[in-house]
Amino acid sequence: MHEHIFGIVPPMTTPFTADGTIDEAALQADAHYMFDVAKVHGVAICGSTGEGHTLTTAETRRITEIVVKEAKGRIPVITGIITDSTALAIERGLAVKDLGVAALQITPPHYLFRPDDDTMLKHFEALAKGTGLPILIYNVVPWCYLSPQLLTRIIDNVEGVIGVKQSAGDMKMLADLLILLGNRGRIMSAVDALMYPSFVLGSHGAIAAMLSAVPTLYMEMWDAVQNGDHARGRALHEKLLPLWNAIFTDNLPANVKYCMELTGRPAGLPRPPMPPTSAERKPLIRAALQATGLL
């Protein structure tokens with residue numbers, strides 16, 4: 001049942017240089033930080049926080065190679081795939097299969113047209129069979145949103161689809177999914193504003209941008225909830241929600257990178273066409289980060 005995928009699983013950013021290539025040294029340094037300093041339970045790479053929609057198959061493989069090597073088998077590494085075709089998603093999954101990833105995190109098609117429910121099930125069935133790797137459905141695309149009922153149907157009927165990363169700020173859908181699916185699949189929250197209640201409701205963990213910005217505080221929150229220290233969990237929620245409010249813009253990956261830079265973690269640049277964090281946004285993020293006690 002893939003119980004090794006749980007807890008705080010930050011979706012790592014991808015550091016880019018000024019010429020748009022991957023800054024491998026910065027990526028390796030952040031992997032070291034996640035594994036050896038923050039001591040997270042796992043990591044996800046090449047997702048939306050990692051600007052996975054901008055990556056080639058070769059880049060996805062190289063990023064996976066670097067992070068898996070740094071992990072040394074200690075914790076699971078999940079590789080994200082953000083593509084629109086079944087064939088390309090399979091190609092990308094096969095490109096990392098030999099590297100030892102724990103699972104693939106795959107979005108539904110993210111362009112404008114939505115397959116119907118039966119076809120969506122067949123899509124994920126083809127991905128599971130074609131890659132031979134466990135799959136987490138990354139439920140984030142607004143016009144291709146999968147209902148709790150459809151997600152449950154896919155997980156119950158498609159061997160190899162092991163769970164869901166439930167995103168888009170929808171706590172009601174997360175709650176419904178936890179009741180419908182129970183422990184038959186991994187349910188990871190990406191409701192960044194509401195991590196504390198996600199954990200209280202029983203999500204198996206989280207894969208969310210905020211975990212990459214300040215992983216140590218979310219490790220503390222996870223431990224607090226698991227230990228029944230809800231006063232501490234709620235206090236951390238109240239510290240961290242203003243930070244989410246500060247970084248949650250259309251330029252979210254760049255804003256996460258700015259948080260990292262402020263706390264001494266080299267994060268590189270975003271990949272064009274996205275710009276670095278704006279001059280107007282920087283003081284808001286800095287003030288919110290100072291209020292958490294990390295600055």
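Scope of the values below: all heavy atoms of this structure, side chains included, with no hydrogens, waters or symmetry mates. Numbering of residues begins at 1 and proceeds along the displayed sequence.
Crowding of K172 atom NZ: a count of heavy atoms from other residues, nucleotides or ligands under 6.0 Å not exceeding 12. By the neighbour-count criterion of 12 heavy atoms within 6.0 Å, atom CZ of R234 is sparsely surrounded, having that number or fewer from other residues, nucleotides or ligands. Residue R114 qualifies as enclosed at atom CZ: its count of foreign heavy atoms under 6.0 Å is above 12. Counting heavy-atom neighbours within 6.0 Å of E159 CD, excluding the residue itself, gives a total of 12 or less. Around OH of Y145, the count of heavy atoms belonging to other residues, nucleotides or ligands within 6.0 Å exceeds 12. More than 12 heavy atoms of other residues, nucleotides or ligands sit less than 6.0 Å from atom CG of D116.
Contact annotation: the side chain of M260 approaches that of D30 to within less than 4.5 Å [non-hydrogen atoms, C-beta and beyond]. Side-chain atoms of L88 and T57, non-hydrogen and from C-beta on, do get closer than 4.5 Å to each other. Side-chain contact between F16 and K257 is present, with heavy atoms from C-beta onward closer than 4.5 Å. Contact of the R61 side chain with the T64 side chain is not registered, since no non-hydrogen atoms from C-beta on lie closer than 4.5 Å. A heavy-atom distance below 4.5 Å is not found between the side chains of E125 and T86. Looking at T152 and R184, their side chains come closer than 4.5 Å, going by heavy atoms from C-beta outward. The shortest distance between side-chain heavy atoms of R271 and L55 falls below 4.5 Å. In this structure, Q28 and K69 have side chains that are not in contact, with every pair of non-hydrogen atoms separated by 4.5 Å or more.
The CD1 atom of I63 lies 4.0 Å from the SG atom of C46; values are rounded to the nearest 0.5 Å. Atoms CD1 and CG, on I66 and L27 in that order, are 5.0 Å from each other to the nearest 0.5 Å. Rounding to the nearest 0.5 Å gives a distance of 9.5 Å between OG1 of T277 and CG of L252. For the atom pair CD1 (I137) and CG (L150), the distance works out to 7.5 Å, reported to the nearest 0.5 Å. Distance OG1/T216 to CG/L211: 10.5 Å, rounded to 0.5 Å. Residue M195 holds its CE atom at 3.5 Å from OG of S189, rounded to the nearest 0.5 Å.
Although no hydrogens or angles enter the test, the distance criterion places a donor-acceptor pair under 3.5 Å between the side chain of R74 and the main chain of E70. In this structure a side-chain-to-backbone donor-acceptor pair under 3.5 Å is present from N251 to P275. Remark: the backbone N or O of L146 is paired with a side-chain donor or acceptor of N139 at under 3.5 angstrom. Looking at K39, its side chain does come within 3.5 Å of a backbone N or O of D36 through a donor-acceptor pair. In this structure a side-chain-to-backbone donor-acceptor pair under 3.5 Å is missing from H204 to F6. Counting only distance, with no hydrogens or angles, the side chain of R186 and the backbone of I5 share a donor-acceptor pair below 3.5 Å. A donor-acceptor pair is defined here as one N or O able to donate and one able to accept, closer than 3.5 Å; no such pair exists between the side chain of T14 and the backbone of E51. A donor-acceptor distance shorter than 3.5 angstrom exists from the side chain of D84 to the backbone of Y111, with no hydrogens or angles considered. A distance-only check finds no donor-acceptor pair linking the side chain of R281 to the backbone of I247 [under 3.5 Å]. In this structure a side-chain-to-backbone donor-acceptor pair under 3.5 Å is missing from N227 to D229.
A salt bridge links R62 with E65: the closest approach of a Lys/Arg side-chain nitrogen to an acidic carboxylate oxygen falls below 4.0 angstrom.
Using cut-offs of 30° and 60° on the angle between ring planes, the pair H2 and H4 is tilted. Under the 30°/60° scheme for interplanar angles, the aromatic rings of Y196 and H237 are found to be tilted.
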For this session: Could you walk me through whether T107 and H53 pass the side-chain contact (heavy atoms from CB on, under 4.5 Å) test, one step at a time?
Result: CA-CA 10 Å; T107 61; H53 55 288; over 6 Å; no

For this session: Given side-chain contact (heavy atoms from CB on, under 4.5 Å), test C259 with L243 step by step and report yes or no.
Result: CA-CA 9 Å; C259 283; L243 180 60; 4.0 Å; yes

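When every heavy atom of A206 is checked against every heavy atom of F199, the shortest pair comes out as CB-CE2, 3.8 Å. Minimum heavy-atom separation, V256 to A213: CG1-N, 3.9 Å.
Under the 3.5 Å distance criterion, with hydrogens and angles disregarded, a donor-acceptor pair is assigned to the side chains of N255 and T249.
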